[in-house]
Amino acid sequence: MRRPALLATLGAVLLVALVAAGGASPQPTPVCDYCGGFESAANDSGVDATVAESTAVVQVHPDGSATLTIRNRLVDGSDAFRENPDALDRTVAQLREDSYGLLRDAGEPSARLDGDTVVVTVRQPDVADRHAGLLVVDLLHDRGYERWYVLNADALTIRGPPGTTVTNEPAGGSVEGPSATWRGDADGSPSEAPTLDGSPYVVFATGDAASLPATTARTTAALALATLPIVVRGVRTFLLAQSVLFALGTLGVGLLVGRVQVPVTRNRLAVGVIGVGAVAAVGALFWDGFGFVPNALLVLVPATAYLLAGVAARRTPARFRSPRRLAALAVATAVLSALLSVPFAGRRGALAFAARTGVSTLPLVVFLPLGAAVAASNRAHRWWLAAVATFPLAAAALVDLADPPSGLASGVAAFALFAAAVLVPVAGLPLALLGARLGTLRSP
């Protein structure tokens with residue numbers, strides 16, 4: 001019985017490994033290509049310039065395009081640029097050439113002096129789309145690719161078309177009428193600039209009806225529609241093929257339980273499952289010394305499933321003769337796993353962490369009622385469908401489909417789920433056999 005337990009542990013590790021895979025950070029993407037590096041580019045053009053303040057305003061137009069106006073207020077250097085306009089053109093051209101931020105795909109910039117302020121204007125053709133009748137700006141949204149945006153401007157403002165109002169609360173921004181503003185720091189390199197919190201959309205509605213219930217509902221719908229392509233891509237990458245593979249593995253377990261007579265009695269099977277669960281639980285508690293080490297939870301959850309199933313089969317088999325009662329035991333196991341995970345969650349997000357742990361336990365414990373249904377020929381196909389449904393549910397709990405991992409982390413997550421789709425049914429086989437013994441109440 002130790003081999004299935006090890007496979008269960010490995011399957012759990014692979015299934016949750018994608019959470020840690022998101023730790024790989026991309027390179028910082030500046031929100032303003034003509035802000036933080038202006039002094040260096042000016043120096044390369046022969047002008048000793050000092051910037052006192054850099055601001056950027058994104059004026060969104062009704063057709064979804066935008067005009068970006070960057071204002072670099074100079075303490076020194078304005079007279080030199082006024083005397084030598086070509087130096088200003090070379091400075092802006094170099095910033096354009098070196099661009100790797102939000103404006104790298106924007107149109108050609110134009111620059112002028114307004115007193116002691118350098119004003120750079122650039123046109124961005126596509127920063128917003130209409131959803132549910134509202135204008136949704138996704139300029140600062142990472143579109144599911146985990147970009148690391150940094151606020152290398154002292155202030156970045158996204159302003160809607162005339163007569164519009166911001167109807168949502170963009171993460172990290174302050175809203176006032178038709179504008180959402182983020183505060184940053186234009187000094188230093190982009191890697192030293194403050195990080196943009198979250199991955200915000202900005203939604204604009206015509207008029208001042210932002211607080212009306214109908215507008216709130218439309219805003220929610222607009223944000224959902226804007227995020228839908230990301231979710232669809234996440235389903236294709238992390239759920240579709242993996243769920244099919246899990247369904248085939250679950251079908252194989254059902255066929256094996258229904259057609260192959262394993263010469264192991266219920267009591268012996270229960271004792272073996274309890275033993276494996278106990279060994280795994282002890283190993284989890286002493287994973288790295290003694291304490292609530294988060295990785296230990298990957299072993300403790302399968303161990304909990306084995307222990308509860310084994311004790312139930314050993315002590316009170318008559319209470320779990322039907323698939324429905326075994327399903328109740330499976331749900332109870334998931335709830336207990338969720339409660340056990342709370343000390344491992346840290347100070348923040350304990351409830352969400354517990355919920356994810358409980359849901360991710362279901363693909364394993366669902367083999368208990370499935371085995372009973374197959375052995376008793378009690379609507380086995382319905383229980384198989386129910387078992388199959390638990391895998392995408394668990395994967396969706398572990399992968400944020402609206403903001404999925406990307407790059408290397410995406411590949412690791414997809415592989416982990418493929419491996420789990422194979423290994424979890426193997427780990428669930430002993431539970432299915434135990435459920436079959438309980439479902440038919442064969443002699444001990």
Side-chain angles (χ1 to χ4, degrees), residues 1-9 11-12 245-277 280 301-334 336-337 360-391 393-394 420-444:
M1 287 296 169
R2 293 187 177 184
R3 183 177 179 82
L6 292 175
L7 290 173
T9 301
L245 190 59
F246 179 78
L248 294 175
T250 306
L251 179 62
V253 170
L255 293 175
L256 185 64
V257 170
R259 298 183 181 183
V260 178
Q261 297 295 325
V262 181
V264 179
T265 64
R266 185 189 71 242
N267 281 343
R268 289 184 177 180
L269 185 59
V271 169
V273 169
I274 292 173
V276 171
V301 168
T304 301
Y306 273 57
L307 283 171
L308 284 184
V311 170
R314 177 72 175 171
R315 301 296 297 272
T316 57
R319 294 183 180 180
F320 300 100
R321 293 180 297 177
S322 69
R324 289 188 177 182
R325 292 190 175 185
L326 284 171
L329 177 61
V331 172
T333 304
L336 181 58
S337 297
S360 62
T361 306
L362 294 176
L364 179 63
V365 296
V366 75
F367 284 95
L368 277 169
L370 177 63
V374 169
S377 298
N378 184 2
R379 300 177 178 178
H381 66 286
R382 295 185 180 181
W383 287 101
W384 174 76
L385 290 174
V388 168
T390 62
F391 188 84
L393 185 66
V422 175
L423 295 175
V424 170
V426 175
L429 178 58
L431 298 180
L433 292 172
L434 196 59
R437 294 295 190 273
L438 291 169
T440 56
L441 272 184
R442 295 172 183 171
S443 60

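The structure presented is a predicted model; accordingly, all values stated were derived computationally and were not measured.
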With respect to Leu329, which candidate in Val365, Leu438, Leu368 satisfies the side-chain contact (heavy atoms from CB on, under 4.5 Å) definition?
-> Leu368
On a heavy-atom basis, which atom in [X] and which in [Y] lie closest, and how many Å separate them?
{"X": "Ala312", "Y": "Phe320", "value": "CB-CE1, 3.7 Å"}
{"X": "Pro425", "Y": "Ala420", "value": "CD-O, 3.9 Å"}
{"X": "Leu431", "Y": "Ala309", "value": "CD2-CB, 3.8 Å"}
{"X": "Val257", "Y": "Ala432", "value": "CG2-CB, 3.8 Å"}
{"X": "Thr333", "Y": "Ala305", "value": "CG2-CA, 3.5 Å"}
{"X": "Ala394", "Y": "Pro363", "value": "CB-CG, 3.6 Å"}

Looking at residues at least two apart in the chain, or sitting in another chain, which of them share a side chain to side chain contact (heavy atoms under 4.5 Å, CB included) with [X]?
{"X": "Leu307", "value": "Ile274, Ala278, Ala281"}
{"X": "Leu245", "value": "Phe418, Ala421, Val422"}
{"X": "Leu385", "value": "none"}
{"X": "Arg382", "value": "Arg379"}

After noting the C-alpha distance and the side-chain angles of Thr250 and Phe367, does the key distance pass the side-chain contact (heavy atoms from CB on, under 4.5 Å) rule?
-> CA-CA 8 Å; Thr250 306; Phe367 284 95; 3.9 Å; yes
